[in-house]
Amino acid sequence: MIKEHEIQFAGERLLLNNRRSIYWPDKQMLIFSDIHLGKAAHFRQNGIAIPGNVIKKDLKALKELILHYNATVVTVVGDFFHAGINSDTQFFSEWAHSLPQLHWNIVKGNHDKSVNAENTDGIFYMNDSLFIEPITLVHHPEPEQSHTISGHIHPGVILRASCGKALKIACFLVSENRIILPAFSQFTGLDTGFLKKSIEKYTPYVVLDEGVIRV
Amino acid sequence: MLLNNRYNSEIKNNLKKHFTTSDGYRIINEWMHNKSMVPFSYQEKTWKSYAHGHSGMVVAPTGFGKTFSVFLAVLIDFMNRPEKYPRGLKLLWITPLRSLSKDIARAMQMAIDEIGLDWTVGLRNGDVSQAEKQRQNRNMPDVLVITPESLHLLLSQKAKTRFFKNLKCIAVDEWHELLGSKRGVMVELAIAHLRGIASDARVWGLTATIGNLDQALEVLVPRDDQRKKIVAKEKKKTEILSVFPDELEILPWAGHMGSKMVNKILPIIAKSKTTLIFTNTRAQAETWYMNLLEADPALAGQIAIHHSSIDAELRIWIEENIASGYLKAVVSTSSLDLGVDFKPVDTVIQIGSSKGIARFLQRAGRSGHSPFETSRIYFVPTHSLELIEAAALKEAHKLNSVENREPLFLSFDVLVQFMVTLAVGEGFYPDKLKKEVKSTFAFSQMTDEEWAQALSYITTGGSSLQNYEEFHKVVRQEDGLHKVTSRRVAMLHRMNMGAIVSDRMMRVKFYSGGYIGMIEEYFITRLQKGDAFLLAGRVLELVKVKESDALVKLSKKKNARAVSYMGGRMPLTSWLSHFLRKKVSGSLQAPPREKELRFLRPLLDHQHEFSHIPSENEFLVEMIENKYGNHLFFYPFEGRLVHEVMAALIAWRISQMYAVSFSMAMNDYGFELVSETPLQIGKQDLESILSKENLFRDVISSINATEMARRKFRDIAVISGLVIQNFPSVQHKFKNLQASSNLIFKVLEEHVPDHFLIRQAYTEVFNSQIEEARLREAFNRIANSRIIFRKTERFTPLSFPIKVDSMRQSLSSEDLISRIERMKQTMKRQKKTRKKLQSL
């Protein structure tokens, strides 16, 4: 079940959901980050046996979200590709053709260097950042700008029970000026140290099956 | 040289009858005689047995010339039948320890030169220069002293067959150290493969005494009918002395007796030539080193601290200065358990429990090293109950009882690594390789299906039915040869071979320059700037972290943390626990010579008066209800690991009777369950709670097996090549291949739940983490015991140390959501406290 938590950000109503993405109802826009397409295939090319269905599962989840919200625009805040073009990304191209009415905005991330419109069938145009009044979408969280939505970090928190057991869980980080998205792909790690080191005051919203919970 | 040039069956027969008149034997005997040495009878037996073409294993205590048993056997045989030894590598000497190999090679070369042969001895390990390795590749020495890892690297070379085709003997030194570990499995696989290249090579193991010698021999030489076990009659004399505190505490607890016992140690150091002081953890070593210097500042410069986090160069310096007699004492961890002989060491001190008999005696053997000296070891308890352990160790030593080393089965991570290793080099044909692999002890039970899984894991990535798209590792060529063709794959594999997986380490350096040592990354990440910690006998303060360097400065802070080490908590072996139960059982009737038990008399009386001292056919359960909580204490004396599982199991069984949650704590003697609510348990319930019925169904319900398997998978992922730890430093593009073992575990569990490496992780949990066999045995024993149930309000001498132990684990029968709610509450509380602290 898709469950949401509504927040006000830059005067806009945003829905943080438990599928690691944000829906912006006013723009009919689904926002997510760090799907790292082709990561599993890249591992396989280098002799690391990661099963092929990882990407299928990520894309299935994505399609569910698009249909659930009836979104017309999808914005990816960077690290759309993991390491260039391979069989996983080709699989994605075919998948994307099944949703022709959808408009894609893709913000460049550090992993997207070697990818451009020419080698992606011309489907995707990459932006360094994107401004959609009143919010800037950019891969790295930039302290100078106000009201940004970013990715890159793969934020997570460690929840510690009184018994000493610990769970690592992906989360959104939200401050007055910034939102950092969790990584969309299941095949990504978590940075639990970022929150501790950051000077900015973030509130983590953890992503659980039961919903998005503020901690 | 006097050598027979003709070889025929007549001579062979003569040899059998007249080995002692053969040229080789005569020459070796003369050489020994000139050095005023007389061969031990077990050495002569080895020589003879080798001459008859047998493989086998030599069992002798350290210091009794094990090396010369097998090494000289090869020389004698060569001198008697030189035509059987063509040019090239003849003897491969596998040793687990890099530090030992230099001395062994030197001793061998000296013997060869003195005897007048023209053989050369080479070294091959991580310390050997690239130039030297290339020289060897062109022209192999006659004898090569090598580590298991370097041997596998040699097997990954394209000229492998040329290196080994004339090999006559594979010797495995310190086999007891390798057996039971994945490095041991590496050795098994390598031997099977080498015998496929050099079919007449003999295999000889050298080992110290362990409990399962016959099995150790079978693992090493699995297929030969004519394998010989040769056991030295000579025994090492060992003196075990307990150090008693001035006064006995009726309620003992761990970790605070240090400073008092230091004053007992100082005179021992003073009257000895050189003393090795063994602790169980680096943290303990650091603390005791500090304590010693504080108690006697004059020791500065005469004592040192040695453990795995200390800079390697400094460690070598320390080792050299123990050998030269310059250092008076060295505080160390297991880092000095093995290694070169230190002649001046005449005294060993063991601080706290050694957790096992073999380890205790091994450490004792580091003193009085020459055959006819006595090893002297002092046992210093860290709390008074540990004195029972000293009594147990003495008894075990008297009865010559030491632990088994349980061999590993079906370590598929090691197998797939080995297969890729061969594919990187000359390549392999699956049918031939399968035969070799199945000939090892570790994989003798491997099914055809499992072999197929391993093979498709490295060729297609997935199962034999399904190809992983774009997977590229080992390629099957037209004639069926399996090879690695990608240079990237080959390079990454070579850089990541081996079966020792260590945590990610950080270099600790002075801010002003100067290297101190290495520490686990997770320890540093827990520190804040300005926090103080102990390392290499210094109090250091973290200044900043820069990439993989932790920059520090000297600190005057008092409350420094000692470097903690997750793997440091070794459990008590079942051997030692057996003797421990025996000693506790008879403690009230102890004869006067059992000084430890006499000393503990007041404590034992107290236990007896307020509760009970369990005899061997009794099982004690104490219920203690007081203002600290409602406790149940159980005393299986089975070691911490088994207690962890038992505690979770018992808590789960009680929670099935009525809703209750417990927190748990344990030590090597027993465990406690604590509840905030009054206990609704009586003596009549204990039998079902402690029942052996449905044991494993209940264990699986009570523990988090997935979490345990995830932890086991860490090593498996690295060894099998799913997680790459070492990357070529300059090439940034490899960074895209980083993933944690947790992530891979999650992905595989979800998409390929029956993956053979995931299954291996669960198997390892059951075999080594839960110690299935031992747990079953413990419950059988309890079932056959009388259960003694005692209720008191005060802690007893047995329960108190557990109560003080801080480790807590909890289990509740509530569901996950409320658990998360509670976690949140805890987090809030933590945050509030943090905030309060900040506002102060």
Side-chain angles (χ1 to χ4, degrees), chain A residues 36 38-57 79 81-84 86-88 90-91 110-111 113-114 154 157-169 183 185-190 192-193 196-197 203-204 206 208-211 213-215, chain B residues 420 456-458 460-462 466-474 484 486 488-489 492-493 525 661 663-664 704 707 720-724 733-734 736-740 742-744 746-748 750-752 755 807-812 816-817 819-828 830-831:
Chain A
H36 289 269
K39 183 176 179 185
H42 180 67
F43 274 53
R44 292 195 293 272
Q45 286 171 329
N46 284 281
I48 302 171
I50 304 297
N53 13 14
V54 174
I55 178 181
K56 291 179 191 150
K57 216 185 151 195
D79 285 1
F81 297 102
H82 183 71
N86 55 37
S87 65
D88 273 4
Q90 273 151 22
F91 179 83
N110 50 314
H111 277 272
K113 274 180 217 136
S114 56
H154 304 201
V157 286
I158 300 176
L159 292 186
R160 218 176 282 282
S162 53
C163 58
K165 272 200 183 129
L167 278 177
K168 275 189 191 176
I169 302 177
S185 173
Q186 295 287 326
F187 188 41
T188 48
L190 289 179
T192 51
K196 268 183 257 165
K197 278 176 269 168
T203 308
V206 295
L208 296 163
D209 282 346
E210 292 78 15
I213 299 173
R214 181 190 169 136
V215 290
Chain B
V420 177
S456 55
Y457 170 78
I458 61 167
T460 67
Q466 175 204 3
N467 271 22
Y468 282 9
E469 218 156 333
E470 287 188 90
F471 181 76
H472 184 92
K473 191 151 195 162
V474 174
V484 167
S486 151
R488 277 159 68 101
V489 169
L492 284 178
H493 182 76
T525 52
S661 56
S663 59
M664 311 170 201
N704 188 344
E707 180 55 39
S720 64
L722 283 169
V723 166
I724 295 177
K733 58 183 174 191
F734 288 106
N736 287 352
L737 288 173
Q738 274 174 337
S740 71
N742 278 349
L743 180 58
I744 303 223
K746 192 184 87 182
V747 166
L748 288 186
E750 199 177 321
H751 296 276
V752 204
H755 197 284
M807 209 183 91
R808 289 283 183 273
Q809 217 188 338
S810 128
L811 176 133
S812 79
L816 182 78
I817 283 283
R819 202 184 252 193
I820 286 164
E821 282 300 321
R822 247 180 316 136
M823 283 178 199
K824 274 163 48 190
Q825 293 301 324
T826 322
M827 285 238 338
K828 261 186 210 154
Q830 279 174 349
K831 261 196 181 158

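Chain A is the first sequence line, chain B the second, and so forth, proteins listed ahead of strands; every chain is numbered from 1. Fair warning: this is a prediction, and the values are worked out from it, not measured in the lab.
By number of non-hydrogen pairs under 4.5 angstrom with chain A, the leading residue of B:Leu722, B:Val489, B:Val752 is B:Leu722. By number of non-hydrogen pairs under 4.5 angstrom with chain A, the leading residue of B:Lys746, B:His755, B:His751, B:Lys473 is B:His751.
A perpendicular orientation is assigned to the rings of A:His154 and A:His36, their planes being inclined by more than 60° (bins at 30° and 60°).
Considering all non-hydrogen atoms of both residues, B:Gly721 and B:Tyr457 come closest at C-OH, 4.5 Å. The nearest pair of heavy atoms linking B:Ser740 to B:Val723 is C-CG2, 4.0 Å. A pairwise comparison of heavy atoms in B:Leu743 and A:Gly189 identifies CD2-N, 3.7 Å as the closest pair.
Interface remark: B:Ile458 contributes no atoms to any contact with chain A (heavy atom separation under 4.5 Å).
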